[in-house]
Amino acid sequence: MHAPPTSPPRRRHRILGFAAFAAALLISAPTAPTAYGQDAREIVGGGDLGPNVMVFDPSTPDIQGKVDEVFKRQEPAQFGDGRYALFFKPGTYDNINAQIGFYTSIAGLGLNPDDTTFNGDVTVDAGWFDGNATQNFWRSAENLALNPVNGTDRWAVSQAAPFRRMHVRGGLNLAPDGYGWASGGYIADSRIDGQVGPYSQQQWYTRDSSVGGWNNGVWNMTFSGVEGAPAQSFPEPPYTTLDTTPVSREKPFLHLDGNTYKVFVPAKRTNARGTSWGNGTPQGESIPLDRFYVVKPGASAETINAAVEQGLHLLFTPGVYHVDRTIEINRADTVVLGLGLATIVPDNGVTAIRVGDVDGVKLAGLLVDAGSTNSDTLIEVGPEGASARHADNPTSLQDVFVRVGGAGAGRATTGMVINSNDTIIDHTWLWRADHGEGVGWETNRADYGLQVNGDNVLATGLFVEHFNKYDVRWSGENGRTIFFQNEKAYDAPNQAAIQNGDTKGFAAYKVDDSVNSHEGWGLGSYCYFNVDPTIRQDHGFQAPVKPGVKFHDLLVVSLGGKGQYEHVINGTGSPTSGSDTVPSQVVSFP
């Protein structure tokens, strides 16, 4: 891959608040030798959280009005540049209905969800889109306890809208008002005391949580490590249930220790079941904010890299960051945490983020948006040929999303490449846009979504859609995926455009012929060839027929009969056909 860029000596920055920050970039100070064998100027950690972070306590006046103001701005702003994080200090908040729009995160600042209680709701609905929730993307709720006003909270979302570390003292409705379409979704490390009602949700993944019940499913409802989950029953009802999650690490989060901000980094769990916080203080490490470079809009990639080299972690405040060189994370155990869907745009065709072949890096809460010049890759974990083992302390990616097009013309050959062994991919949505600006078969060209070369990589909650060729290609050994959601590219102009040698179409999920061991649970691929409905895909999934390659609960769906799969996996499984939405299911393979 590309060699790390060399940089001149850096300037000293003090993080003084947003207005003073840019001026501080120009202040120089004497250099001093560093551990990196060159002179560098100190970058000071900590400071304020920037202009797009709002922090409330129970005495804050007009909380509802302030939250409503953000929602009014963000409700329809699907491809806007606003980014917001709403934080609530520990305490009890009465009569709150926090409606959450695009690029908005809401979270409590306690160490446990029950430290911050709403007598009220955190709501996502779909009034902005006439009751259709299939475009309710890019938002999140974390680390709060809710006493819903009517007994049930509504979280009607689709992709890239995690519901993490939440305690709902009642039920949870995952459909919009009126039960219009919805295409989600993801819950982790949460407790829902009452029933979860997905209703119109096409698919959903829930991990390491507790639910009071789950009352229906459409095509693919997958659970791992969930107390109260329905029993395994795919395809009728379409429940895929694993008692535990093999390996998991919860997402890092900001919290208050007294009046001091810290980032809590949860410990790795093996064979997890239930929440990480239900039995007292969670296991992990709290890192003071002064050990983080608090990144604000206008910061350069050069400064960000200098901060990491100096030994600081990274906390990206809400904003859009253009980088003219790769952000390089080559120090073990570095935390890179984004607030409010912080968005990184690579300019001039660079890779946005590259992680070295080191232990324990945590990437979380980031959206990488392809630039107008083609990038070979947008995110790389480990260099090509990475060989170190990281089973004891793996790198993890959580709520790390990729977008190509939609906000404007963007191009990338591959969205995400995983070269490091033992990496955990926990909830990602890699999306080549099918709507918005800069969208077209060649306009926002992106051939591959996810390429996995490392061994022993685990994906929990894998959403990858619309890439021109393979959405997922797995070349490493001993890979595992728990839940996969995919749509093939809508905009293929004709059969010839997707032809793959003698094969009709590129599989949504391909395991290389050289692989001897691979396993997946609860995987679905859907087609909707609306430009040329006569297009045929030979299969949604492709894998070698070997004893160590196993799939459980596979399905393909033709949406509205626009196109057809001839088989589910390889030559196995009946075709989808007809004018209606028809699923074709294979319970296991081989």
Side-chain angles (χ1 to χ4, degrees), residues 15-21 46-75 77 82-125 139-150 153-155 162-170 252-264 277 286 288-290 292 294 296-297 315-319 337-342 365:
I15 300 178
L16 305 171
F18 186 68
F21 178 71
D48 70 86
L49 297 175
N52 296 325
V53 172
M54 303 173 69
V55 180
F56 302 94
D57 65 46
S59 66
T60 301
D62 193 23
I63 294 173
Q64 187 68 57
K66 292 178 172 66
V67 172
D68 286 348
E69 182 181 352
V70 173
F71 176 66
K72 182 178 180 181
R73 189 177 303 130
Q74 296 303 114
E75 181 188 17
R83 303 287 186 273
Y84 295 91
L86 312 178
F87 284 108
F88 290 78
K89 294 181 179 181
T92 300
Y93 298 79
D94 293 325
N95 304 314
I96 294 292
N97 180 20
Q99 299 185 82
I100 306 300
F102 285 102
Y103 312 109
T104 304
S105 297
I106 188 169
L109 286 169
L111 195 57
N112 287 306
D114 290 332
D115 295 339
T116 308
T117 296
F118 280 15
N119 291 317
D121 297 83
V122 171
T123 302
V124 177
D125 208 339
R139 63 199 74 195
S140 67
E142 301 182 44
N143 206 30
L144 292 165
L146 308 178
N147 292 312
V149 168
N150 69 356
D153 193 59
R154 185 184 302 279
W155 187 254
F163 197 80
R164 286 186 180 269
R165 203 177 176 77
M166 296 287 287
H167 184 188
V168 181
R169 298 170 183 153
F253 61 93
L254 191 69
H255 73 102
L256 278 172
D257 184 357
N259 293 318
T260 302
Y261 284 108
K262 296 181 177 180
V263 172
F264 188 79
W277 49 268
S286 276
L289 192 63
D290 62 11
F292 283 78
V294 181
K296 297 173 184 172
L315 182 75
F316 282 84
T317 64
L337 176 61
L339 306 180
L341 280 295

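Under a 3.5 Å cut-off, the side chain of N52 and the backbone N or O of G82 do not form any donor-acceptor pair. Remark: side-chain polar atoms of Q64 are paired, donor with acceptor, to backbone N or O of N97 under 3.5 angstrom. In this structure, the side chain of R83 does not engage the main chain of G340 through any donor-acceptor pair within 3.5 Å. At distances below 3.5 Å, at least one donor-acceptor pair connects side-chain atoms of D153 with backbone N or O atoms of V122. A donor-acceptor pair under 3.5 Å links the side-chain atoms of Y93 to the main chain of F56, judged by distance alone.
Taking the side chain as every heavy atom from C-beta outward, T260 and L289 never approach each other to under 4.5 Å. For the pair I100/Q74, no side-chain contact is recorded, criterion being any heavy-atom separation below 4.5 Å from C-beta on. Between N143 and T116, the closest side-chain pair of non-hydrogen atoms is not below 4.5 Å. In this structure, the side chains of N119 and T92 come closer than 4.5 Å at one or more pairs of heavy atoms. The side-chain heavy atoms of K89 and V55, taken from C-beta on, include a pair separated by under 4.5 Å. Counting heavy atoms from C-beta outward, L315 and L49 have side chains that approach closer than 4.5 Å. Considering only heavy atoms from C-beta on, Y84 comes within 4.5 Å of R73 through its side chain. Here the side chains of F118 and I106 are in contact, with some heavy-atom distance below 4.5 Å.
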request  = Would you check, one step at a time, whether the test side chain to side chain contact (heavy atoms under 4.5 Å, CB included) holds for Q99 with D121?
outcome  = CA-CA 8 Å; Q99 299 185 82; D121 297 83; over 6 Å; no
message = One pair to check against side chain to side chain contact (heavy atoms under 4.5 Å, CB included): Y261 and L256. What are the steps and the verdict?
response = CA-CA 5 Å; Y261 284 108; L256 278 172; 3.6 Å; yes
request  = Apply the test side chain to side chain contact (heavy atoms under 4.5 Å, CB included) to residues L109 and L254: give CA-CA distance (whole Å), side-chain angles for both, the deciding distance (0.1 Å), then the verdict.
outcome  = CA-CA 6 Å; L109 286 169; L254 191 69; 4.2 Å; yes
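Residue D62 places its CG atom among more than 12 non-hydrogen atoms of other residues, nucleotides or ligands, all under 6.0 Å distant. The 12-atom threshold is exceeded at NZ of K66, counting heavy atoms of other residues, nucleotides or ligands nearer than 6.0 Å.
Relative to the six-membered ring of F102, R139 meets both conditions, a distance below 6.0 Å and an angle of at most 45° to the axis.
Ring geometry for F264 against H255 counts as perpendicular: the plane angle is over 60°, on a 0 to 90° scale with 30° as the lower cut.
Donor-acceptor pairing under 3.5 Å is recorded for the side chains of S105 and S140.
Put simply, the residue from V67, D57, T60 that forms a side chain to side chain contact (heavy atoms under 4.5 Å, CB included) with F88 is V67.
In terms of heavy atoms, P318 sits closest to V53 at CD-CG2, 3.5 Å.
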